[in-house]
Amino acid sequence: KDTLIVWSEAENYDLALSFQEKAGCDEIWEKICQVQGKDPSVDITQDLVDESEEERFDDMSSPGLELPSCELSRLEEIAELVASSLPSPLRREKLALALENEGYIKKLLEIFHVCEDLENIEGLHHLYEIIKGIFLLNRTALFEVMFSEECIMDVIGCLEYDPSLSQSRKHREFLTKTAKFKEVIPISDPELKQKIHQTYRVQYIQDMVLPTPSVFEENMLSTLHSFIFFNKVEIVGMLQEDEKFLTDLFAQLTDEATDEEKRQELVNFLKEFCAFSQTLQPQNRDAFFKTLSNMGILPALEVILGMDDAQVRSAATDIFSYLVEYNPSMVREFVMQEAQQNDDDILLINLIIEHMICDTDPELGGAVLLMGLLRTLVDPENMLATANKTEKTEFLGFFYKHCMHVLTAPLLANTTEDKPSKDDFQTAQLLALILELLTFCVEHHTYHIKNYIINKDILRRVLVLMASKHAFLALCALRFKRKIIGLKDEFYNRYIMKSFLFEPVVKAFLNNGSRYNLMNSAIIEMFEFIRVEDIKSLTAHVIENYWKALEDVDYVQTFKGLKLRFEQQRERQDNPKLDSMRSILRNHRYRRDARTLEDEEEMWFNTDEDDMEDGEAVVPPSDKTKNDEDIMDPISKFMERKKLKESEEKEVLLKTNLSGRQSPSFKLSFSSGTKSNLTSQSSASNLPGSPGSPGSPGSPGSPGSVSKSTSQMAAITTK
């Protein structure tokens with residue numbers, strides 16, 4: 001059986017080998033079969049081996065199995081027959097047919113009454129084994145007899161007398177006296193009522209009465225699972241078709257005159273009704289939720305969520321979660337329509353946000369569930385776009401206008417000073433949840449959230465939480481900022497610089513000291529991102545304002561790398577002609593293809609400068625260009641381009657992309673070599689298609705043929 005090898009030794013003694021993977025199971029199975037001389041392609045070998053010649057003869061000759069007469073004195077014989085038939089599929093089939101044809105189950109239940117009256121414990125123990133064996137036959141026809149109105153309680157009675165227990169269980173007493181059937185709305189259909197009773201009792205047998213099936217018996221009860229499943233489908237279908245029932249249900253739910261206890265029962269019924277619907281096929285589930293929607297389930301939930309009773313609200317939240325998971329667009333459409341008639345305070349989404357904020361559970365279990373629902377509702381991935389309107393634009397416009405202020409209220413209330421005004425665990429957890437949703441919005445909502453953050457100064461407030469004593473909350477605040485920086489949006493960058501919003505981060509970094517923890521790594525990663533992505537405005541801002549605080553951090557090269565980036569920017573600003581030279585080289589028509597040095601490659605050259613042995617830059621631009629009178633004259637530039645072009649044509653260079661960075665030929669290491677050598681290597685490395693030939697004959701970069709203009713040209717190109 002997939003990853004199991006199962007066998008029986010002696011009577012009622014089952015063993016199994018379990019494997020993690022099917023391949024291992026198959027390998028061992030083949031070896032066992034090899035030793036036993038069996039065919040490994042046959043799944044079941046034991047039955048074939050263990051059947052005696054007599055049984056084999058019986059199977060071929062007799063059409064059915066003959067049962068002993070149903071008498072008290074022969075119960076032991078019947079129990080043995082049932083037990084011996086279970087291992088063999090063929091005998092099980094015959095036993096099931098015999099039980100069906102002879103109305104045997106009803107006769108057994110009559111003997112059960114006799115045994116109980118006589119207090120014949122031995123007989124009752126045999127009956128337990130017989131009835132349990134009949135369950136394991138897994139036959140729908142037998143279940144229909146056993147679960148009929150007249151038989152089911154007697155079947156449960158038989159299962160009370162488990163021989164392994166010292167005294168019998170009181171299952172019937174529980175079902176008749178303790179378990180009460182509550183009709184919150186009277187059910188007029190007797191067939192429906194009977195089906196509900198039957199399903200409850202069968203579910204009780206499966207969950208409470210029958211012993212937990214062993215690994216060998218799991219599949220033997222599959223028909224019992226199916227029986228319950230189809231009953232539930234029928235119940236949902238019959239209730240759905242009963243319009244009077246559903247109309248009464250929703251009328252009483254929303255009626256202010258309904259007392260609290262009654263309303264709680266109604267909500268619990270509706271919750272169970274929705275839970276049943278999860279078993280339906282997609283097509284039936286669509287029809288189910290459409291019916292509920294037409295009946296007005298969302299307005300009803302809004303009324304219930306506005307009530308004081310916590311239990312009722314909790315059940316209503318569960319119902320709301322079923323609706324959001326099924327069809328978020330339906331919920332969004334409803335809340336946008338109601339916004340035109342109602343105040344913000346009583347909007348359905350705002351009620352959900354308030355319940356999330358006011359969750360009394362110390363672990364915020366309910367709040368986590370509600371946050372997940374809100375995330376589903378504001379997720380553009382599941383929003384529809386039609387020809388005439390887009391749900392995303394409309395709904396997000398509505399959400400930011402009517403709901404966002406309710407969501408951010410606890411955050412804004414707690415961050416009015418330099419540190420959080422309330423810093424207990426529950427508040428921190430709630431703020432972390434809110435930040436998680438805001439971070440999701442930053443990633444998916446673009447301009448709506450951007451306007452909101454900049455207009456309401458949200459990032460400054462969030463960064464106050466960097467001072468929280470709860471590391472997880474400080475990290476949530478940092479993650480929020482990292483997500484904003486990751487967008488590389490200059491609107492955000494200008495806002496960050498204007499409000500000096502790196503200050504709380506640098507402060508948290510310094511307060512963290514030399515501890516090597518998640519906070520330390522996350523902050524360094526943020527600055528590393530700015531360096532690698534070369535976000536010029538933020539690089540300049542960080543170095544100009546916080547270099548003094550960060551210059552001593554030398555266990556990573558991030559901050560020194562940022563300083564280097566900053567200095568390179570300054571040099572480019574001081575030498576605009578140098579910058580324009582680079583752009584001419586980069587954009588000229590014969591440099592327009594994939595051979596152009598891309599920014600990533602430039603970055604590689606720059607980072608490699610840190611590793612030079614004697615600390616020289618590849619080209620000290622400020623000195624060299626000034627010493628050579630700042631720039632080349634336009635004629636020499638033109639001649640140089642012409643020479644490059646000719647050499648390219650001569651060598652018929654392939655148009656290959658230089659994106660394979662870090663090949664050894666690009667690592668320009670300098671010792672005390674001559675200037676002419678430096679130039680030839682540099683210019684050759686920039687010749688497209690010939691990265692590995694630093695001095696190919698005839699190329700303008702070969703040693704000995706280096707003019708002054710060539711050396712300048714190559715130096716500038718390399719930089």
Side-chain angles (χ1 to χ4, degrees), residues 285-286 289-306 316-317 319-357 369-412 433-459 480 483-484 487 489 491-492 495:
R285 203 181 316 150
D286 284 354
F289 280 113
K290 213 163 270 179
T291 305
L292 289 188
S293 176
N294 295 341
M295 287 286 172
I297 190 165
L298 285 165
L301 282 178
E302 197 167 36
V303 172
I304 300 160
L305 286 166
T317 304
I319 297 166
F320 183 68
S321 72
Y322 285 124
L323 292 169
V324 171
E325 283 164 25
Y326 161 69
N327 189 347
S329 288
M330 176 178 84
V331 178
R332 284 193 282 261
E333 192 179 342
F334 169 76
V335 292
M336 283 193 288
Q337 283 173 357
E338 64 158 0
Q340 296 161 8
Q341 299 138 18
N342 296 338
D343 296 335
D344 285 1
D345 295 349
I346 56 168
L347 293 179
L348 181 58
I349 290 195
N350 287 347
L351 289 170
I352 293 291
I353 294 172
E354 280 165 28
H355 290 320
M356 184 190 85
I357 292 168
L369 169 70
L370 293 171
M371 182 58 76
L373 298 179
L374 283 174
R375 188 173 173 149
T376 305
L377 286 173
V378 299
D379 186 356
E381 293 295 312
N382 59 42
M383 293 185 188
L384 307 170
T386 53
N388 54 351
K389 59 175 181 176
T390 59
E391 185 182 14
K392 179 180 172 181
T393 311
E394 287 190 7
F395 182 75
L396 292 182
F398 155 81
F399 183 77
Y400 280 87
K401 184 178 177 185
H402 297 281
C403 309
M404 195 52 130
H405 64 278
V406 184
L407 180 68
T408 53
L411 172 70
L412 298 175
L433 276 177
I434 293 170
L435 277 179
E436 199 178 311
L437 188 61
L438 289 176
T439 308
F440 177 82
C441 294
V442 166
E443 189 175 359
H444 292 90
H445 290 176
T446 58
Y447 66 89
H448 286 98
I449 188 75
K450 190 195 302 179
N451 290 342
Y452 191 80
I453 288 173
I454 293 172
N455 292 338
K456 302 284 183 186
D457 201 10
I458 295 291
L459 181 55
F480 180 68
K483 189 65 77 178
I484 288 174
L487 296 174
D489 183 320
F491 278 104
Y492 277 131
Y495 161 60

Quick one: ring pair (Phe, Tyr, Trp, His ring centres under 6.0 Å) partners of Tyr495, sequence neighbours excluded? none
For residues Met336 and Glu394, determine if any side-chain heavy atom of one lies less than 4.5 Å from a side-chain heavy atom of the other. yes
Heavy-atom closest pair (Ile449 atom, Met404 atom, distance to 0.1 Å) is CD1-CE, 3.7 Å
Grab the two heavy atoms, one from Met356 and one from Ile434, that are nearest each other, plus how far apart they are. CE-CG1, 4.1 Å
Going by side-chain hydrogen bond (donor to acceptor under 3.5 Å, both in side chains), name the residues that satisfy it together with Tyr322, two or more places apart in sequence or in a different chain. none
Go through the structure and list residues passing side-chain hydrogen bond (donor to acceptor under 3.5 Å, both in side chains) with His355, not counting sequence neighbours. Arg313
If you take all heavy atoms of Val442 and Lys483, which pair is closest and at what distance? CG1-CG, 3.8 Å
Only pairs at least two apart or in different chains count here, so list each side chain to side chain donor-acceptor pair (under 3.5 Å) that has a residue in residues 395-408. Asp344-His402, Tyr400-His445, Thr408-Tyr452
Which heavy atom of Leu487 sits nearest a heavy atom of Tyr492, and at what distance? CD1-CE1, 3.6 Å
Roughly how far, to the nearest 0.5 Å, is CD1 of Ile304 from CG of Leu351? 11.5 Å
Minimum heavy-atom separation for Ile349 and Cys403, please, with both atom names. CG2-SG, 4.0 Å
Return a table of donor-acceptor pairs under 3.5 angstrom between the side chains of residues 290-300 and protein atoms on other chains or two or more places apart.
residue, atom, partner, partner atom, Å
Thr291, OG1, Gln240, NE2, 3.4
Thr291, OG1, Ala287, O, 2.8
Asn294, ND2, Lys290, O, 3.2

When you look at NZ of Lys450, are more than 12 heavy atoms from neighbouring residues, nucleotides or ligands closer to it than 6.0 Å? yes
Under 3.5 Å, which donor-acceptor pairs do the side chains of residues 377-384 form with other protein atoms, sequence neighbours left out?
residue, atom, partner, partner atom, Å
Asp379, OD1, Glu381, N, 3.0
Asn382, OD1, Arg332, NH1, 3.1
Asn382, OD1, Arg332, NH2, 2.9
Asn382, ND2, Thr376, O, 3.1

What distance separates Leu459 CG from Ile484 CD1, expressed to the nearest 0.5 Å? 4.5 Å
Per side-chain contact (heavy atoms from CB on, under 4.5 Å), Leu305 is matched among Ile319, Ile352, Asn350 by Ile352
